[in-house]
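In what follows, every heavy atom counts, from backbone to side chain, and hydrogens, waters and symmetry copies are set aside. In what follows, chains carry the letters A, B, and so on, assigned in the order in which the sequence lines appear, proteins first and then strands, with residues in each chain numbered from 1.
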There are 2 protein chains.
Amino acid sequence: MKISAKGEYGLRAMAILALEYHTGPVPLREIAKREEISHQFLEQIFISLRHAGLINSVRGAKGGYTLAKAPAKIKVGDIIRVLEGPIAPVDCVAKNAEAACSRSTFCLTKGIWQRLRDSMTEVLDDITLADVIKKSDSEPGGK
Amino acid sequence: MKISAKGEYGLRAMAILALEYHTGPVPLREIAKREEISHQFLEQIFISLRHAGLINSVRGAKGGYTLAKAPAKIKVGDIIRVLEGPIAPVDCVAKNAEAACSRSTFCLTKGIWQRLRDSMTEVLDDITLADVIKKSDSEPGGK
DNA sequence: TTTAATCCTGAGTAAATTACTCGGCTTTCA
DNA sequence: TGAAAGCCGAGTAATTTACTCAGGATTAAA
């Protein structure tokens, strides 16, 4: 039940971009240094995030990355879904639900995983990057 | 963010034991067949569950396994913790919390993982095996 | 116009984890 | 006594993770 380094690093890096949202593009190398993450690994993570439309890049000298939208418009769940795949403790309850298993009609445990998925989704989609940089306890405004 | 086969199989097997709670020990081979799980793999899982005190075993012919407590006394969270380790999306927010990371005082993301951990724990500790075998949607009595 | 900074990308890889299997011992009922 | 069951340590193939490597493309500034 752990998230991987990819999701953890990616979220931390996105928080930095949120902090620097009004100060122009931040080079990846700077983020990597600040967060003590391998910059080559972070590069791969950023490519995924860019392909997903969560960040923009500026190439060349003085280049770097910026959030594609305001921090308040980016949910933690958006980031996690890009880097970790669908939020679901087992494949058979993923929202796209390819993996309809043959025992699903009588499976006693499916309901558990659905409830768990829903509560995880609720938390992750309730927190935006604006919340993340606001206070240390990441409590969103509406709570 | 997936649980492993160990946790998934273990929970399904425990649900069977809950169904058969009043009919004497159930042999592992029968559960394995019913749930289409490798019986040798399930054996390992059951050893963990027994060491954790969640099930009892009866050796010899006509032997098998039984729940160590009534289904209503066993929480899904108890089972998951035995088979998957502490419920925590990252090590640094595990309840025993060995892994206090050096950046924890200023980490922007720690609060997210704490909230996620709490909501996962709440769901898993709110559902007992009695709930699991009661209805298909696993809703506990109090909801 | 060169140079340095930066992003972009595919390929490779060591280590760890997962999901098992193997083999053999021990206990108990009939 | 023999079959049915649990007990358990060791091994292993496949997969995933967490990276590294090597080099190309783009742009600002000197």
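Regarding Asn56(A), its CG atom lies at a distance of 18 Å from the P atom of dT26(D), rounded to whole Å. Distance, Lys62(B) NZ to dG2(D) C1': 15 Å, rounded to whole Å. At whole-Å resolution of the value, CG in Leu42(B) and P in dC7(D) are 12 Å apart. The interatomic distance linking Glu84(A) (CD) with dA18(D) (C1') rounds to 12 Å, in whole Å. Following rounding to the nearest Å, Phe46(A) (CZ) and dA18(D) (P) show an atom-to-atom distance of 17 Å. The distance between atom CD of Gln44(A) and atom P of dT17(D), rounded to the nearest whole Å, is 13 Å. A straight line from CD1 of Ile45(B) to P of dA19(C) spans 9 Å, rounded to a whole angstrom. The NE2 atom of His39(B) sits 14 Å away from the P atom of dC20(C) (whole-angstrom rounding).
Phosphate proximity of dC19(D) to Tyr9(A): present, with a side-chain N or O under 4.0 Å from OP1 or OP2. Side-chain N/O atoms of Ser38(A) include none lying less than 4.0 angstrom from OP1 or OP2 on dA18(D).
Across the interface with DNA chain D, nearest-nucleotide mapping of Ser4(A) and Arg50(B) shows Arg50(B) to be the residue nearer the 5′ end.
Comparing dT9(C), dA19(C), dC7(D) by their closest approach to the side chain of Ile47(A) singles out dT9(C).
A side-chain N or O of Thr23(B) and one of Glu20(B) form a donor-acceptor pair less than 3.5 Å apart.
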When you compare the protein's N or O atoms with those of nucleotides 23-27 of chain C, which come within less than 3.5 Å of each other, and at what distance?
residue: dT26(C); atom: O2; partner: Arg59(B); partner atom: NH2; Å: 3.0
residue: dT27(C); atom: O2; partner: Gly60(B); partner atom: N; Å: 3.4

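Side chain of Lys6(A) to backbone of Ile45(A): no donor-acceptor contact under 3.5 angstrom is found.
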